[in-house]
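If you read the sequence from its start, that first residue is 1, and numbering goes on from there.
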Amino acid sequence: FVSVLLWRGTGAARPVAEPELAAIRRLLEQVNRSLGRSEQIHGFQLLPGGLSLERGELSTLGEPVRQVVYRRYREVIDSMYIGAAPVAPP
């Protein structure tokens, strides 16, 4: 299955409200309708804040630096792949 790691814009450290999670789930359901079963997103995790250029999480082009993001959020990322069931945020 496919899992995705999502983050909000910079400085978004406040807790995620249920309406925001519901909106993300609806968007993922729309995306999944156009994908084959093996390509569908079955789980996601939302990082507590935005990724930062200053912390080395983003390149100068604004793209995530995978090694840095994985090192910093290893537990969150690994939790998406442990066990048979996909992990979704609470």
Inset, instruction - Check whether any side-chain heavy atom of E29 lies under 4.5 Å from a side-chain heavy atom of Q40, and answer yes or no. - result: no
Inset, instruction - Taking the side chain as every heavy atom from C-beta outward, state whether Y73 and V68 have any pair of such atoms under 4.5 Å apart. - result: no
Inset, instruction - Not counting sequence neighbours, list each pair that qualifies as a salt bridge (charged side-chain N to carboxylate O under 4.0 Å, His left out) and has a residue in residues 45-61. - result: R55-E57, E57-R72
Inset, instruction - Please round to the nearest 0.5 Å and tell me the distance separating atom CZ of R37 and atom CG of N32. - result: 9.0 Å
Inset, instruction - Measure the spacing between OG of S59 and CZ of R66 and express it to the nearest 0.5 Å. - result: 11.5 Å
Legend entry - Transitive ILVMFWY side-chain link L58 to I77, under 4.5 Å: yes
Legend entry - Which residues share a salt bridge (charged side-chain N to carboxylate O under 4.0 Å, His left out) with R71, sequence neighbours left out: none
Inset, instruction - Please report the closest heavy-atom contact between V69 and P64, naming both atoms and the distance. - result: CG2-CB, 4.4 Å
Legend entry - Contacts of type side-chain contact (heavy atoms from CB on, under 4.5 Å), residue Q30, not counting sequence neighbours: L27, R33
Inset, instruction - Please list, chain by chain and in numerical order, all residues satisfying side-chain contact (heavy atoms from CB on, under 4.5 Å) with L28, sequence neighbours excluded. - result: I24, I41, F44
Inset, instruction - Check side chain to side chain donor-acceptor pair (under 3.5 Å) between D78 and all other residues, then give those that pass, not counting sequence neighbours. - result: Y70
